[in-house]
Amino acid sequence: MELINKSALELRDLLDKREVSSREIVEAYLERIEAVEPKVNSFVTLTKEQALKDADKADKMIKDKTATSLTGIPIAIKDNLCTYHVKTTCCSKIIKDFLPPYDATVITKIKEAGMPILGKTNMDEFAMGSSTETSIFGPSKNPWDLERVPGGSSGGSAAAVAAMEAPLALGSDTGGSIRQPAALTGIVGIKPTYGLVSRYGLIAFASSLDQIGPFAKNVSDAAALLTLLAGHDRRDSTSLPLEKVDYLQNLGQDIKGLRVGVPVEFFAEGIDPEVESNVKNSIKALEEFGAEIIEISLPHSEYALAAYYLVATAEASSNLARFDGVRYGHRSKEDRDSVTMFKHTRAEGFGPEVKRRIILGTYALSSGFYDAYYLKALKTRTLIKQDFDEAFKKVDVLITPTTPSPAFKFGEKNKDPLAMYLSDIFTTTANLAGIPAMSLPAGLTSEGLPVGVQIFAPALKEDIMLNTAYALEKAIGSIGFPALEV
Ligand code: GLN
């Protein structure tokens with residue numbers, strides 16, 4: 001039986017029927033990883049032995065009837081999520097040998113559910129980037145075209161799912177790092193409402209924007225994984241105290257009468273014509289299902305990218321201050337006094353993009369510039385949030401392209417930070433407003449590259465967002481998976 005091309009829930013069904021064991025599933029994935037990793041480079045650490053042990057444990061849970069909805073299903077983890085005694089590097093020299101003394105809350109949940117962890121995935125250094133080109137381990141490749149980027153920063157997780165090296169993966173999204181790579185690799189990715197999933201154990205980039213979320217082959221698998229991840233955690237002060245919702249149960253409801261907003265600002269000049277046509281087809285498909293399509297304006301969207309790159313860099317400059325050679329990781333040999341040691345440690349340990357952000361953020365927060373930059377960005381953030389509040393009085397969800405273009409080539413944007421930042425133009429607003437957003441495949445371009453369509457919903461309306469995505473997925477049909485020759 002070919003296991004790697006099945007969805008997580010299909011595999012779960014086979015496990016329940018005892019047609020396959022979790023060990024067999026993990027073995028099939030490890031074999032696939034061995035075959036395609038030399039081409040794709042999704043993983044930076046593999047945890048084969050532990051995954052097999054965990055698979056045996058999962059098989060026992062299934063036998064003992066203590067299994068839950070994803071028991072026995074393997075998963076890949078972005079390398080900025082702390083895993084007990086398994087290297088967690090953020091793909092940065094400064095913590096390249098860091099062995100966390102604890103698990104992130106999401107990792108605890110995954111372990112308790114009996115999901116074997118296959119390994120840690122590649123990413124842009126400290127999650128700053130849109131292509132994985134800033135990773136110290138070299139970039140991941142887009143399985144649809146190995147000359148193109150898989151997106152970023154969670155590019156390794158997305159590439160792993162698209163290349164069928166894992167049925168599920170975890171990423172983090174600060175300004176688009178789950179949705180953009182999901183779009184570029186033709187899979188599903190969700191950025192949950194801020195506060196829905198605990199950030200405890202996620203190495204912080206910009207704390208008021210960061211959220212952890214799932215990557216999956218389809219909407220149902222993503223809904224099942226989000227159900228597992230969500231929930232209050234007293235270790236994260238921004239975690240919301242909420243009752244648990246089963247997002248999977250809720251799928252498949254009629255969308256007749258659903259009000260779908262189309263923000264005009266997201267279809268402006270500069271968007272690739274094939275991205276536009278694929279997304280417009282998605283909108284038409286929802287209309288055919290009985291949804292009401294309403295044109296909407298989000299007038300402050302044009303300032304989102306500027307506001308994002310001030311808020312995110314300001315917070316990063318503060319969060320990354322802890323990497324000083326005293327408490328973690330790399331420490332420079334130039335240590336004749338503490339200031340010299342700090343300076344050299346950080347100069348040697350961080351890559352150029354991380355340094356750029358620390359400098360930018362420190363500048364935006366510094367006395368004399370705070371009001372002009374940081375404070376203004378916060379005010380803009382409020383206006384962006386108010387745009388959504390107004391829009392959601394008229395519509396239930398919003399639909400847009402996820403990215404302005406399909407996957408770009410290596411080297412195309414990494415010499416020009418602004419060109420790279422522009423690939424986040426449609427994703428950062430959701431982080432600034434704290435609302436949920438997701439990307440799912442809308443189709444393929446004539447060159448055979450995936451295009452993503454993005455759905456926004458009001459805070460904590462993941463159920464409506466996922467139900468809309470489920471309907472859309474049915475209408476569009478699967479775009480399939482890349483024919484990666486091995
Ligand atoms: N690409 C964006 C950035 O570079 C988003 C990153 C993210 O979401 N982690 O900041």
Side-chain angles (χ1 to χ4, degrees), residues 77-81 90-92 121-135 139-140 149-158 169-185 189-192 194 197 199 202-215 304-317 319-320 350-361 364 377 381 402-405 407-408 412-439 452 454:
I77 309 290
K78 186 176 181 179
D79 211 23
N80 59 353
L81 289 160
C90 279
C91 294
S92 177
T121 58
N122 200 13
M123 55 185 278
D124 282 290
E125 186 180 357
F126 280 103
M128 298 173 185
S130 312
S131 69
T132 69
E133 288 171 291
T134 69
S135 163
S140 299
V149 306
S153 63
S154 320
S157 286
L170 288 190
S172 65
D173 189 312
T174 305
S177 278
I178 292 175
R179 290 160 287 154
Q180 185 254 18
L184 269 41
T185 59
I190 304 175
K191 185 212 81 86
Y194 185 76
V197 176
R199 289 180 296 110
L202 165 68
I203 298 178
F205 163 11
S207 311
S208 79
L209 303 162
D210 297 339
Q211 266 293 286
I212 299 166
F215 284 103
L305 206 60
Y308 168 79
Y309 275 95
L310 284 166
V311 174
T313 56
E315 294 184 19
S317 72
N319 276 325
L320 270 58
F350 291 131
E353 182 58 31
V354 176
K355 284 179 188 159
R356 179 178 296 121
R357 306 245 183 153
I358 292 172
I359 293 167
L360 236 151
R381 183 177 189 173
T402 310
T403 59
S405 73
F408 45 91
E412 206 177 306
K413 298 188 198 279
N414 63 349
K415 309 274 172 320
D416 177 358
L418 270 185
M420 190 69 86
Y421 297 174
L422 279 169
S423 54
D424 307 321
I425 189 145
F426 300 145
T427 46
T428 54
T429 49
N431 304 76
L432 289 165
I435 60 171
M438 66 182 288
S439 181
Q454 178 172 233

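Counting starts at 1 for both ligands and their atoms, following the listed order.
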Per-ligand residue contacts, ligand 1, heavy-atom threshold under 4.0 Å
Ala127, Met128, Gly129, Ser130, Ser153, Asp173, Thr174, Gly175, Gly176, Ser177, Phe205, Tyr308, Tyr309, Arg357, Asp424
When you compare the side chain of Leu209 with that of Arg381, does any pair of heavy atoms fall below 4.5 Å?
yes
Is there a donor-acceptor contact under 3.5 Å from the side chain of Asn80 to the main chain of Ala204?
no
To the nearest 0.5 Å, what is the distance between CG (Leu81) and SG (Cys90)?
8.5 Å
Distance in Å, Leu320 CG paired with Met128 CE, rounded so as to fall on 0.5 Å steps:
5.0 Å
Do Ser92 and Glu125 have side-chain atoms, one donor and one acceptor, less than 3.5 Å apart?
yes
Should the pair Tyr308 and Phe205 be assigned to parallel (<30°), tilted (30 to 60°) or perpendicular (>60°) ring geometry?
perpendicular
